[in-house]
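Written below as structure tokens is the structure these notes are about.
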Amino acid sequence: MEARHLTRHSSSVTYWEGEIIDNINYFFLTNRWRADFETDRKHWERFAAFAPFHKDFVSIGCDCIPIASRSQYKFMRWKEQCFLKTDSECSLTISGFYYMCYDTASGHIEGYYCDPELRPFQGVQLDLVPGGSSGYSFGEFEFA
């Protein structure tokens with residue numbers, strides 16, 4: 001990802017890795033990056049699409065939640081692994097990670113950054129941008 005205009009002339013490029021919550025390889029419970037059950041609960045419940053899973057998440061356990069493979073929503077975690085390019089003026093950190101929800105019907109992605117050292121629930125919104133003959137892309141994003 002490239003973040004521009006962090007300060008007057010600075011930019012940064014980071015390398016990301018992601019996890020899709022499928023209850024086979026990755027579960028709603030993070031168990032790392034300084035995230036515990038309460039941290040996960042507070043972040044996942046911010047997504048309206050998580051409401052059908054909330055009761056099961058709290059009562060039966062995070063690795064037993066039935067997720068329909070054909071669900072309209074895909075839950076993910078995104079983690080920046082390293083800086084590929086950064087300016088000396090850059091004040092970004094990659095110590096946290098993002099809780100993400102992808103709406104496959106609209107193409108909308110929303111998420112919340114989690115880092116115990118920073119202000120909680122910093123949001124990110126990604127929307128499809130028509131790309132002409134090349135289809136669609138996520139050409140713009142906004143941190144909420």
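Bear in mind that the values here come from a model prediction, so they are computed numbers and not experimental data. If you read the sequence from its start, that first residue is 1, and numbering goes on from there.
Scanning for side chain to side chain donor-acceptor pair (under 3.5 Å) contacts around Asp36 gives Thr39, with sequence neighbours left out. In this structure Glu17 satisfies the salt bridge (charged side-chain N to carboxylate O under 4.0 Å, His left out) test with no other residue, sequence neighbours excluded. Residues that satisfy the side chain to side chain donor-acceptor pair (under 3.5 Å) test with Asn25, not counting sequence neighbours, are Asp22. Ala51 meets the side chain to side chain contact (heavy atoms under 4.5 Å, CB included) test with no other residue; sequence neighbours excluded. For Arg46, the side chain to side chain contact (heavy atoms under 4.5 Å, CB included) partners two or more places apart in sequence, or in a different chain, are Tyr112, Phe121.
The backbone N or O of Tyr98 sits nowhere less than 3.5 Å from a side-chain atom of Lys79 that would complete a donor-acceptor pair. Between the side chain of Asp103 and the backbone N or O of His108 there is no donor-acceptor pair closer than 3.5 Å. Tyr73 places no side-chain N or O within 3.5 Å of a backbone atom of Cys101 that could act as its donor or acceptor partner. Between the side chain of Trp78 and the backbone N or O of Met100 there is no donor-acceptor pair closer than 3.5 Å.
A ring-centre distance under 6.0 Å is not found for Tyr99 and Phe47.
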Where do His43 and Arg77 land on the side-chain contact (heavy atoms from CB on, under 4.5 Å) test, with the steps shown first? CA-CA 11 Å; His43 282 80; Arg77 278 183 292 270; over 6 Å; no

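Note that CZ of Phe53 and CH2 of Trp44 are 11.0 Å apart. Values are rounded to the nearest 0.5 Å. Taken from SG in Cys114 to CZ in Arg34, the straight-line distance is 8.5 Å, to the nearest 0.5 Å. Of the inter-residue distances, the one linking Phe75 atom CZ with Asn23 atom CG reads 11.0 Å to the nearest 0.5 angstrom.
When all heavy atoms of Ala49 and Pro52 are compared, the closest pair comes out as O-CD, 3.3 Å. Between Ile21 and Phe27 the shortest heavy-atom distance is CD1-O, 3.3 Å. For the residue pair Ala35 and Thr30, the shortest heavy atom distance occurs at CB-CB, 3.9 Å.
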